[in-house]
**Student:** 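Sharing a structure, written as structure tokens. Questions coming.
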Amino acid sequence: MEDRVRYLNEAPMRSPAKYVLYWSQMNRRVDSNHALAWAVQLANGLDLPVLFYEGLTCSYPDANDRHHTFILQGVPETARRLAPLGIGYLFYLRRKHSDPNDMLYRLAKDSAVVVTDDYPVFVASVHNRSVAGKLDVTFHAVDSSCIVPMNRMEKREYAAYTIRPKIRRLLFEYLRPLEMAGPRRRFTQPLPCPGLHTTVTEPEIARLVAACDIDHNVPPSLSYPGGRVAAEKHLRHFIGRNLRRYAEDRNEPTAHATSNLSPYLHYGQISSLEIALAAKGAEEFLEELIVRRELAFNYCRCAAKPDALENLPAWAAATLHKHSKDRRDPCYTPEQFFEAATHDALWNAAQKEMRLRGKIHGYYRMYWGKKIIEWSRTHQEALETMVRIHDVWAVDGRDPNTYTNILWCFGLHDRPWQERPVFGMVRYMSLEGMRRKTQVDAYIREIEHLEQSGKDPFRLVC
DNA sequence: ATCGGCTCGCGCAA
DNA sequence: TGCGCGAAGCCGAT
């Protein structure tokens, strides 16, 4: 467990104290959560109860109904699973930009130590840096995202083939279920902050979201409801029905052979460890789930700003620079991409899948990104378009995988190929290739039906 | 249908 | 120092 922990400040533990605080930012779950387990272990050593705290603000960029709903849908089950363990639970929904932002500091005043998630991108990495300087109490961040802890990789890896043997060598140490000790002391005190939620009910989620000061023009995903129950349903469905044909059918979007677990992984409602244990022996799937996902975490941890072209390998940066002034034809504005208004029916369908379902099938997402590069005024504008579309519409966006997938389109973790306009030696993908390898027209029809009916026949009943 | 060339650089064997 | 091979391919020759 210790190799998952980062010690973020040098402040002492508080004594006396009322509890140990776990601040859940990215691993919004009770099961298979190393950070929560670490908080319980510390609490048992100090003979204190544990308080699980999570919050949701409306002040991060592109906050909207889709992201808010997904997170709030996780709350009822988190509360339900914490209660029998005797762990206290608080959820703070900040509805206005002006709402106080100091809840963590208030709760920390009575805590012996604060434990949170170690996560290399978006708000958690920024929060953890700024909070460390302000807390007057011991502050730990625990990596519960990766199976082989990020700490075990000593440097930024060049590609999948360089990290793969390192992960394989260490995997036997970490590929085992997390057994969390039960807390010895129950959390029985009066809630330290009246007015905060101790749970929410499913029917009140829409009302709470509507009351938030956020963008209400992006509705919840048609296909992926949030929450632990939905996450487990997707896992069971995948293992029972699709894992057998995954290796064969994963690159055929209309075959629906993939796990669709990325939203639940992103919001931390399920852990990759639980998924890997359930998928034992499925090499092709575990390659994606472990090797490529943990390569993405390694990249984001080592790159100061993961969504920047400066992080590309030298050959990719040089060849893109050489082709930066190449003529783009056709050439679209970001707005045309947002509106799915290109000449290419496959590209438009992929963009509509993003808008309706909240993610694009992995194989078409590569094509989607390559074409944004091909048809944008500049490489930088293409990057910004891809990031922005994910920020607004993707239920698996702002994840290490997001930035790595996007930068892969520009050559990250890839190799050079034959030189051509706009891309230089960066790998190119063509509509003809997609037609050769996948059922393009059937996919376009599927997405048209999704758009017209407003219902996804592939949505699991949760 | 299948195959080779395109092109760079990491990591390991020697 | 040399060599094999790699995050999901394309294209033209056979």
**Student:** Using whole Å, what does the distance between atom P of nucleotide B:dG11 and atom CD of A:E157 come to?
**Tutor:** 7 Å
**Student:** What contact category does A:R420 fall into here, base, sugar-phosphate, or nothing, at under 4.0 angstrom with non-hydrogen atoms?
**Tutor:** sugar-phosphate
**Student:** Assign A:K370 to base, sugar-phosphate, or nothing according to its heavy-atom contacts below 4.0 angstrom with the strands shown.
**Tutor:**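 No contact.
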**Student:** Rounding to an integer number of Å, can you tell me how far A:F410 CZ sits from B:dC8 C1'?
**Tutor:** 20 Å
**Student:** For a quick check of understanding: with a heavy-atom distance under 4.0 Å over all strands, which category does A:Y161 fall into, base, sugar-phosphate or nothing?
**Tutor:**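 The answer is base, as A:Y161 lies within the cut-off (heavy atoms under 4.0 Å) of a base atom.
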**Student:** Between A:Y158 (OH) and B:dG11 (C1'), how many Å, whole number?
**Tutor:**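 A:Y158 atom OH is separated from B:dG11 atom C1' by 12 Å.
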**Student:** Mind checking if A:T319 touches a base, just sugar-phosphate, or nothing, with heavy atoms under 4.0 Å?
**Tutor:**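 Contact class for A:T319: none.
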**Student:** Mind checking A:Y428 for me? I need base, sugar-phosphate or nothing, with any heavy atom below 4.0 Å counting as a touch.
**Tutor:**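 Sugar-phosphate contact only - A:Y428 comes under 4.0 Å of backbone atoms but never of a base.
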**Student:** Is there a Watson-Crick or G-U wobble partner for C:dA7 with both distances under 3.5 Å, and which nucleotide is it?
**Tutor:**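 C:dA7 is paired with nothing.
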**Student:** Check the distance between C:dG9's C1' and A:M429's CE and give it to me in whole angstrom.
**Tutor:**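 That distance rounds to 7 Å.
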**Student:** So what does A:R365 touch, heavy atoms closer than 4.0 Å: a base, only the sugar-phosphate, or nothing?
**Tutor:** nothing
**Student:** Are A:R176 and A:L273 side-chain neighbours, meaning at least one heavy-atom pair lies under 4.5 Å?
**Tutor:**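 No, their side chains stay 4.5 Å or more apart.
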**Student:** Give me the residues of residues 276-298 of chain A where at least one heavy atom lies under 4.0 Å from an atom of DNA chain C, by number, or none.
**Tutor:**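 A:E288, A:R292 - these, ordered by number, are the residues of the stretch whose heavy atoms sit under 4.0 Å from the strand.
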**Student:** Polar-atom pairs under 3.5 Å, protein N or O versus N or O of nucleotides 12-14 of chain C: list them with distances, or write none.
**Tutor:**
none

**Student:** Is any side-chain nitrogen or oxygen of A:K437 closer than 4.0 Å to OP1 or OP2 of C:dC10?
**Tutor:** yes
**Student:** Does the structure show a Watson-Crick or G-U wobble partner for B:dT7, both distances under 3.5 Å? Name it, or say none.
**Tutor:** none
**Student:** When we call it a touch if two heavy atoms are under 4.0 Å apart, what does A:W315 touch: a base, just sugar-phosphate, or nothing?
**Tutor:**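 It contacts sugar-phosphate atoms only.
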**Student:** Can you tell me how far P in B:dT7 sits from the matching atom in C:dC11, rounded to whole Å?
**Tutor:**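 The same atom, P, in both gives a distance of 15 Å.
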**Student:** Strictly below 4.0 Å: does A:R415 bring a side-chain N or O up to OP1 or OP2 of B:dC6?
**Tutor:**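 No, no such contact exists.
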